[in-house]
Amino acid sequence: MLGVPALPLVSSVPSVPDMRWREGVPRWVQIADELEKRIRDGRYRPGERVPSVLAIMDEFKVASATAHKALAGLRDRGLTYTEPGIGSTVREQRD
């Protein structure tokens with residue numbers, strides 16, 4: 001086409017490093033597992049917020065319902081608590 005510059009190619013798109021979806025395991029469980037790993041590794045410390053629904057949707061390329069279930073899974077595991085309007089925060093872990 002005349003007069004239309006070519007769009008640059010995007011060489012890399014941010015994504016979850018080495019995330020391979022396991023067959024037969026719901027994605028929300030796999031996301032909760034990954035976020036739990038990050039909590040246990042110290043990437044998210046007690047008192048710090050974990051990614052929001054929107055951030056999870058963007059990072060893992062999943063629907064809102066899946067992201068909500070992942071955060072609910074972290075709460076059910078006792079790893080986080082949620083404050084309406086604030087977000088999900090890492091709980092102090094007891095040994």
Side-chain angles (χ1 to χ4, degrees):
M1 292 186 194
L2 298 174
V4 178
L7 294 174
L9 294 175
V10 177
S11 60
S12 66
V13 175
S15 64
V16 180
D18 300 323
M19 188 69 172
R20 292 181 185 13
W21 299 115
R22 298 184 313 267
E23 190 173 329
V25 180
R27 288 192 178 187
W28 72 265
V29 171
Q30 296 179 63
I31 294 167
D33 290 347
E34 173 64 24
L35 295 175
E36 178 176 354
K37 179 180 160 217
R38 293 176 188 181
I39 290 169
R40 302 235 183 256
D41 288 349
R43 190 177 313 179
Y44 307 131
R45 298 180 184 276
E48 292 182 352
R49 290 176 48 198
V50 294
S52 66
V53 168
L54 291 176
I56 291 170
M57 289 171 60
D58 184 53
E59 179 179 357
F60 293 93
K61 308 300 183 229
V62 295
S64 172
T66 303
H68 278 283
K69 286 181 184 179
L71 290 175
L74 291 178
R75 280 193 308 275
D76 291 346
R77 296 175 188 187
L79 297 169
T80 62
Y81 62 93
T82 301
E83 296 180 65
I86 303 294
S88 295
T89 304
V90 177
R91 283 189 184 280
E92 203 55 58
Q93 301 302 306
R94 298 183 194 109
D95 293 327

Problem set entry | Close side-chain approach of Leu35 to Val50, heavy-atom, < 4.5 Å | no
Seminar exercise, completed: Heavy-atom nearest pair, Met57 first then Ala67, reads CG-CB, 3.9 Å
For this session: Please lay out, stage by stage, how Tyr44 and Arg38 fare under the test side-chain hydrogen bond (donor to acceptor under 3.5 Å, both in side chains).
Result: CA-CA 6 Å; Tyr44 307 131; Arg38 293 176 188 181; 3.1 Å; yes
For this session: Return the set of residues passing side-chain contact (heavy atoms from CB on, under 4.5 Å) with Ala63 (not counting sequence neighbours), or none when no residue passes.
Result: Thr66
Seminar exercise, completed: Rounded to the nearest 0.5 angstrom, the CZ-NZ distance for Arg27 and Lys69 is 13.0 Å
For this session: Quick one: name the residues clustered hydrophobically with Val25, using the 4.5 Å side-chain heavy-atom rule over I, L, V, M, F, W, Y, and just say none if it's on its own.
Result: Trp28, Val29
Exercise. If every non-hydrogen atom of Ile56 is compared with every non-hydrogen atom of Pro51, which pair is closest and at what distance?
Worked result: CD1-O, 3.7 Å
Problem set entry | Gln93 side-chain N/O to Arg91 backbone N/O, donor-acceptor pair under 3.5 Å | yes
Problem set entry | Where Ala32 and Leu74 come nearest, the two heavy atoms and their spacing | O-CD2, 3.5 Å
Exercise. Are Leu54 and Ile31 co-members of a hydrophobic cluster defined by side-chain heavy atoms under 4.5 Å apart?
Worked result: yes
Problem set entry | Shortest non-hydrogen contact from Phe60 toward Trp21 | O-CZ2, 3.7 Å
Seminar exercise, completed: For Thr80 and Leu71 the tightest heavy-atom approach is OG1-O, 4.2 Å
Exercise. Looking at residues at least two apart in the chain, or sitting in another chain, which of them share a salt bridge (Lys or Arg N to Asp or Glu O under 4.0 Å) with Arg77?
Worked result: Asp33, Glu36
